[in-house]
Chemist: 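Please find one structure pasted underneath; my questions will follow.
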Amino acid sequence: MIDLRLVRENPDLVRASQRARGDDESLVDTLLAADAVRREGVKRVDDLRGEQKAASQAVKKASPEERPAVLERAKALAAEVKAVEEEQREADAALRAAHLKIANVVHDDVPPGGEDDAVTLRTVGEVPAYDFPVRDHLEIGEALGAIDMERGAKVSGSRFYFLTGPGALLEFALAQLAISRAVAAGFTPVIAPALVKPTAMEGTGFLGEHDEEVYRIERDDLYLVGTSEVAIAGMHADEVLDLSQGPKRYAGWSSCFRREAGSYGKDTRGLIRVHWFDKVEMFSFCAPEDAAAEHLRLLQWEEEFLQALELPYRVVDIAAGDLGTSAARKFDIEAWFPTQGTYRELTSTSDCTTFQARRLAIRYRDAEGKNQTAATLNGTLCAIARTIACLLEVHQRSDGSVHVPVALRPWLGGVEALTPGMTLAAPVPTA
RNA sequence: GGAGGCUUCGCCUAGUCCGGUCUAUGGCGCCGCACUGCUAAUGCGGUUUGGGUUAAUCCCCAUCCCGGGUUCAAAUCCCGGAGCCUCCGCCA
């Protein structure tokens with residue numbers, strides 16, 4: 001939810017944001033009108049309730065002969081309050097509905113345009129040249145005995161997979177590397193629930209336009225998270241945080257589930273786009289004035305992780321029309337996929353400013369001791385399945401082996417390469 | 001799955017049986033002031049969170065886990081739900 005005060009005081013700013021996103025500008029006026037109606041109503045109800053309260057007090061003080069008349073008046077007022085309260089409930093609901101329809105106000109520096117208008121900020125690392133026909137990650141993974149899509153489909157359907165042998169070890173190696181780097185950077189590691197209540201899902205903005213993407217467990221009224229962001233944001237719902245020592249940072253591991261509705265035919269091969277994968281996600285709670293700087297820090301940690309994996313990538317600044325509901329700004333990191341001859345999204349970081357926190361009632365005490373809405377930010381440290389796909393492709397060699405980045409070796413028993421038919425090394429770090 | 005108990009303004013706690021005096025008690029913590037060479041101690045005052053209104057103060061409304069209900073009036077009575085705890089059953 002955006003800040004209502006901002007809408008009242010500077011509606012043009014919000015209108016401009018709606019235009020930039022390609023959203024309906026008139027929603028701002030709907031919201032303003034609903035706000036005015038509600039406030040008018042609140043005053044009426046409050047005053048009336050005050051009167052009724054006084055009347056009620058008068059009942060017990062009334063002398064026996066006054067009593068019937070006083071009681072009559074109190075009864076009449078009570079009935080009136082009840083009626084007006086009903087109207088007010090409708091006004092509250094109307095305001096809430098209008099409020100929820102407006103996405104976060106975009107950051108000033110966000111590039112204009114839509115999906116194709118992301119601005120490349122920088123390109124890092126050399127795109128490798130291969131003097132042999134490159135194979136895609138699935139072909140490589142199958143040869144290594146690392147990925148089994150066929151049996152994944154047999155057991156769970158399309159877009160499911162088994163990671164086996166070196167593939168399974170790679171998953172743990174990546175998770176260990178991600179978590180240990182995050183811990184070294186001061187993040188609190190957390191294993192988050194993958195099933196959450198509707199409030200958590202709604203609070204993070206995933207039940208709006210994107211609810212098609214989300215798995216719902218109807219019988220128990222729970223949702224499978226698409227990212228641990230949902231659970232971690234919800235973790236501090238209805239709390240007042242102490243941010244006086246700086247941002248509160250979590251690195252969350254969880255499985256992620258996505259229906260991929262509407263992506264039929266897209267990335268149907270391999271691990272690029274699957275219904276389930278595991279992910280290490282960074283999440284940060286901070287004061288709103290620190291959010292933009294924190295966003296750049298998250299981006300930096302993401303970049304350093306890809307550098308550790310020796311993957312070439314580029315950083316793109318996502319255009320206004322392609323931002324998620326909650327994000328005021330978003331950077332994606334796209335890594336090179338040789339078989340596609342292009343960069344594909346591997347990680348993403350969003351500054352949600354106070355948008356999520358307002359709905360989830362996540363606050364902090366400012367320097368004056370007043371409660372303020374916090375800002376939330378999230379960033380992928382490692383989306384494991386897609387990262388495995390990228391690693392296998394980029395680091396493939398002509399003999400069918402795959403180079404293992406130095407940073408991953410401690411968690412793969414020190415091996416320098418994955419080779420078809422190899423005896424697996426025990427993934428025990430030496431000292 | 002079954003039975004019972006608990007949930008009060010940061011923490012602990014009184015109040016709930018028997019509705020109005022609750023504008024919620026007390027302690028701890030915290031903030032301010034006074035006293036004091038300093039610290040401590042002591043004394044006095046303040047200290048839930050939202051919303052409305054206002055230039056600001058004042059004031060008004062809501063808030064005793066949540067949602068309904070009864071009543072002129074609910075922390076208190078009734079119904080439903082959540083969370084926590086104990087016991088039984090089942091289970092990785």
Chemist: Give me the distance, rounded to whole Å, that separates U21(B) from U39(B) when you measure between the C1' atoms they each carry.
Modeler: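 Per the computed distance, 45 Å lies between those C1' atoms.
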Chemist: Heavy-atom distance under 4.5 Å between the side chains of Leu170(A) and Leu163(A), does that happen here?
Modeler: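 Leu170(A) does not reach Leu163(A) side chain to side chain.
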Chemist: Hunt down the Watson-Crick or G-U wobble partner of G83(B), both distances under 3.5 Å, from any strand shown, or write none.
Modeler: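 Across any shown strand, G83(B) pairs with C6(B).
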Chemist: Mind checking what makes side-chain contact (heavy atoms from CB on, under 4.5 Å) contact with Cys256(A), not counting sequence neighbours?
Modeler: Ser254(A), Phe277(A), Lys279(A)
Chemist: For the side-chain contact (heavy atoms from CB on, under 4.5 Å) test, which of Ile333(A), Thr380(A), Leu306(A) pairs with Leu346(A)?
Modeler: Leu306(A)
Chemist: Give me the distance, rounded to whole Å, that separates U86(B) from C17(B) when you measure between the P atoms they each carry.
Modeler: 29 Å
Chemist: Looking at Glu85(A), I'd like to know if its CD atom is crowded, meaning that more than 12 non-hydrogen atoms belonging to other residues, nucleotides or ligands lie closer than 6.0 Å.
Modeler: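 It does: Glu85(A) CD has more than 12 such atoms within range.
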Chemist: Would you indicate, yes or no, if C72(B) has its OP1 or OP2 atom less than 4.0 angstrom from a side-chain nitrogen or oxygen of Lys53(A)?
Modeler: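 Checking C72(B) against Lys53(A), no side-chain N or O comes under 4.0 Å of OP1 or OP2.
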Chemist: Between the protein and nucleotides 17-22 of chain B, which nitrogen or oxygen pairs are less than 3.5 angstrom apart?
Modeler:
| residue | atom | partner | partner atom | Å |
| --- | --- | --- | --- | --- |
| G20(B) | O2' | Lys60(A) | NZ | 3.4 |
| G20(B) | N2 | Ser56(A) | O | 2.9 |
| G20(B) | N2 | Ser56(A) | OG | 3.2 |

Chemist: Please say which of Val415(A), Leu309(A), Leu391(A) ends up in a side-chain contact (heavy atoms from CB on, under 4.5 Å) with Val404(A).
Modeler: Val415(A)
Chemist: Relative to the 5' end of RNA chain B, which residue comes earlier, Asp35(A) or Asp46(A), by the nucleotide with the nearest heavy atom?
Modeler: Asp35(A)
Chemist: Answer with yes or no whether the side chains of Ser326(A) and Asn104(A) bring together a donor and an acceptor at under 3.5 Å.
Modeler: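 Note: Asn104(A) and Ser326(A) side chains miss the donor-acceptor criterion.
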Chemist: Determine the interatomic distance between C1' on G68(B) and the same-named atom on C60(B); round to the nearest Å.
Modeler: 26 Å
Chemist: Please state whether the phosphate of G10(B), meaning OP1 or OP2, lies under 4.0 angstrom from any side-chain nitrogen or oxygen of Arg365(A).
Modeler: no
Chemist: Find the distance Leu48(A):CG to G51(B):P and express it as a whole number of Å.
Modeler: 22 Å
Chemist: Of all residues at least two apart in sequence or in a different chain, which pass the side-chain contact (heavy atoms from CB on, under 4.5 Å) check with Asp220(A)?
Modeler: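 side-chain contact (heavy atoms from CB on, under 4.5 Å) check on Asp220(A) returns Ile217(A), Leu222(A).
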Chemist: Quick check on RNA chain B: between Gly50(A) and Gln372(A), whose nearest nucleotide comes earlier from the 5' end?
Modeler: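 It is Gln372(A) whose nearest nucleotide is closer to the 5' end.
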Chemist: With side-chain contact (heavy atoms from CB on, under 4.5 Å) as the test, pick out the partner of Val7(A) among Val105(A), Leu13(A), Leu32(A).
Modeler: Leu32(A)
Chemist: Check every atom of C72(B), U49(B), G52(B) against the side chain of Gln52(A) and return the nucleotide holding the closest atom.
Modeler: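 Comparing C72(B), U49(B), G52(B) against the side chain of Gln52(A), the answer is C72(B).
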Chemist: Produce the list of close N/O pairs, under 3.5 Å, pairing protein atoms with atoms of nucleotides 74-82 of chain B; give distances to one decimal.
Modeler:
none

Chemist: Tell me: CZ of Arg73(A) to P of A73(B), nearest whole Å?
Modeler: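 To the nearest whole Å, that distance equals 14 Å.
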Chemist: Hey, would you say the Phe331(A) and His295(A) ring centroids sit under 6.0 Å apart?
Modeler: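 Yes.
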Chemist: I need the NZ-P distance between Lys370(A) and U47(B), as an integer number of Å.
Modeler: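 Going from Lys370(A) (NZ) to U47(B) (P), I get 16 Å.
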Chemist: Is the CD atom of Glu289(A) crowded by more than 12 outside heavy atoms at less than 6.0 Å?
Modeler: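 Yes, the 6.0 Å shell around CD holds more than 12 heavy atoms from other groups.
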Chemist: Please report the distance, rounded to the nearest Å, between CD in Glu40(A) and P in U53(B).
Modeler: 10 Å
Chemist: If the P atom of G69(B) is compared with that of C28(B), how far apart are they to the nearest Å?
Modeler: 42 Å
Chemist: Which nucleotide, in any strand shown, forms a Watson-Crick or G-U wobble pair with U16(B), with both distances under 3.5 Å?
Modeler: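 The base-pairing partner of U16(B), which may sit in any strand shown, does not exist here.
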Chemist: So which nucleotide does C58(B) pair with, by the Watson-Crick or G-U wobble rule with both distances under 3.5 Å?
Modeler: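 Looking at the geometry, C58(B) pairs with no nucleotide.
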Chemist: Which nucleotide wins on minimum distance to the side chain of Asp47(A), given the candidates U53(B), C61(B), C60(B)?
Modeler: C60(B)
Chemist: Please determine whether salt bridge (Lys or Arg N to Asp or Glu O under 4.0 Å) holds for the pair Asp46(A) and Lys43(A), giving the CA-CA distance in whole Å, both sets of side-chain angles, and the decisive distance to 0.1 Å.
Modeler: CA-CA 5 Å; Asp46(A) 280 359; Lys43(A) 193 166 158 43; over 6 Å; no
Chemist: Choosing from C72(B), G51(B), A62(B), which nucleotide comes nearest the side chain of Lys75(A)?
Modeler: C72(B)
Chemist: Do Phe283(A) and His236(A) have ring centroids that are under 6.0 Å from one another?
Modeler: no
Chemist: Looking only at heavy atoms, what is the nearest atom pair of Glu393(A) and His137(A), with distance?
Modeler: OE2-N, 2.9 Å
Chemist: How close or far is atom P of G50(B) from atom CG of Leu360(A), stated in whole angstroms?
Modeler: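 That distance rounds to 16 Å.
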Chemist: Val81(A) and side-chain contact (heavy atoms from CB on, under 4.5 Å): which single residue from Glu51(A), Gln52(A), Lys53(A), Glu86(A) fits?
Modeler: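 Answer to the side-chain contact (heavy atoms from CB on, under 4.5 Å) test with Val81(A) among Glu51(A), Gln52(A), Lys53(A), Glu86(A): Gln52(A).
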Chemist: With rounding to whole Å, what would you report as the distance between U49(B) and C64(B) at their C1' atoms?
Modeler: 13 Å
Chemist: Can you check the distance between G81(B) and U42(B), where both ends of the measurement are the C1' atom (answer in whole Å)?
Modeler: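 Here G81(B) and U42(B) have their C1' atoms 50 Å from each other.
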Chemist: Could you tell me how far apart Asp242(A) (CG) and C11(B) (P) are, to the nearest whole angstrom?
Modeler: 15 Å
Chemist: Can you name the closest pair of heavy atoms from Ser284(A) and Arg249(A) and give their distance?
Modeler: OG-CG, 3.9 Å
Chemist: Measure from the side-chain heavy atoms of Val42(A) and tell me the nearest of A62(B), U49(B), G52(B).
Modeler: G52(B)
Chemist: Can you tell me the Watson-Crick or wobble partner of G45(B), both distances under 3.5 angstrom?
Modeler: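 Because both required distances fall under 3.5 Å, G45(B) counts as paired with C31(B).
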Chemist: Between Arg49(A) and C60(B), is there a contact of a side-chain N or O with OP1 or OP2 at under 4.0 Å?
Modeler: no
Chemist: Describe the nucleic acid contact of Arg363(A) in one word from base, sugar-phosphate, nothing, applying a heavy-atom distance below 4.0 Å.
Modeler: sugar-phosphate
Chemist: Taking only nitrogen or oxygen atoms into account, show me every contact under 3.5 Å that the protein makes with nucleotides 90-92 of chain B, one pair per line with its distance.
Modeler:
none

Chemist: Roughly how many Å is it from CG in Asn371(A) to C1' in U63(B), rounded to a whole number?
Modeler: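 Rounded to whole Å, this separation is 15 Å.
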Chemist: What parts of residues 76-95 of chain A reach RNA chain B, counting only heavy atoms under 4.0 Å away?
Modeler: Ala78(A), Lys82(A)
Chemist: Taking atom P in both G46(B) and A24(B), what distance in whole Å separates the two?
Modeler: 13 Å
Chemist: Decide whether Asn378(A) and Thr227(A) meet the rule of one side-chain donor and one side-chain acceptor closer than 3.5 Å.
Modeler: no
Chemist: Output yes when Asp242(A) and Lys248(A) qualify as a salt bridge under the 4.0 Å nitrogen-oxygen rule, no when they do not.
Modeler: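 Salt bridge between Asp242(A) and Lys248(A), a charged N being under 4.0 Å from a carboxylate O: no.
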Chemist: Expressed in whole Å, how much space separates the P atoms belonging to C66(B) and C11(B)?
Modeler: 14 Å
